[in-house]
Amino acid sequence: MAFTLPELPYAKDALAPHISAETLEYHHGKHHNTYVTNLNNLIDGTPMAEWSLEELVTRSGEAPADKRAGLFNNAAQHFNHSFYWKSLRPAGGSGPEGALAAAIDSTFGGVDAFKEQFTKTAVTHFGSGWAWLVKESGGALAIVGTHDAGCPITDGATPLLTCDVWEHAYYIDYRNARPAYLENFWALANWDFAADNFA
Ligand code: MN3
C-alpha cells in the first residue's frame, strides 16, 4: 500500500516565530514529501509494498541488496519526520508531567538538566541527523543522537520526542545557528505527545 504525506497537525504558520511557515513549506512539503515519493517508488510492485512502515525501517536488510540503503533511508526519514511533526506543537514547551516527569527527574536530575543534555547532543551532533529522547528496550530513558536517517526503533527503543538537526530543519530561519534553533525547539516541544509515547 502506498504511503501518503501526513498532514501537519497544525497550520503552516502556527509554529512561528520559532519555526516559520516557509521552513514548513519546504521541510514538510518538499523534503518529507520526497522521502514518501521515493519510498513508494522503491516498494511499488514488490512484496515490501505489504510491509508496515516500522517493518520497512527495521527489516530493510531483507530487501534486495541494491535497494537496501535507499529503502532504509527513505522509510526511516518518513518515520522520523512524521514523528518530528508530532513532537512539536504551537502551545508546547511547558514541561513534562506525571510519570514522565518523575522518570526524567530520576534519570537526568531534573527537566533543566535533561534539556541541557538533549540540547548538547543535538548541537554537537556532527552533520545531519536527529536527537531523541527514547525509552530503551529495558525501560530506561536515554538521549540518543542518530546519523542521517538513523532511527532508534532499529535498536528496539521506543522514541518519545525528537528534534531534526538536518540543516534543512533550521537554515531558512536560523542560517547556521543550530543552538538558536534548539533554544526555540523547547518553546514548541510537545510534552503530551512524549508522555503518550512513554505510557
Ligand atoms: Mn528533516
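One-based numbering, in listed order, for ligands and for the atoms of each.
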- Item | Opening angle between OD2 in D164 and NE2 in H81, taken at the Mn ion (ligand 1), to 10 degrees |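 Reported to 10°, the angle equals 100°.
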- Query: Are Q77 and H31 side-chain neighbours, meaning at least one heavy-atom pair lies under 4.5 Å?
  - Reply: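 Not in contact.
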- Query: Are any non-hydrogen side-chain atoms of L188 and P90 less than 4.5 angstrom apart?
  - Reply: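 A side-chain contact is absent here, since even the closest heavy-atom pair is not under 4.5 Å.
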- Message: Taking 2.8 Å as the cut-off, does H31 contribute an N, O or S atom near the Mn ion (ligand 1), distance below it?
- Response: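 For H31, the answer is no, given that no N, O or S atom comes within less than 2.8 Å of the Mn ion (ligand 1).
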- Query: Any N/O/S atom, backbone or side chain, of H32 lying under 2.8 Å from the Mn ion (ligand 1)?
  - Reply: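 Coordinating: no.
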- Message: Looking at F3, is its backbone amide N or carbonyl O close enough to the side chain of N40 to form a donor-acceptor pair, meaning the two atoms are under 3.5 Å apart?
- Response: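 Yes.
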- Task: Considering just N/O/S atoms, say which atom of H168 is closest to the Mn ion (ligand 1).
- Result: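 For H168, the N, O or S atom at the smallest distance from the Mn ion (ligand 1) is NE2.
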- Sort out for me which residue in H32, H81, H28 forms a ring-ring contact (aromatic ring centres under 6.0 Å, His included) with H168.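 That would be H81; it is the only one of H32, H81, H28 passing the ring-ring contact (aromatic ring centres under 6.0 Å, His included) with H168.
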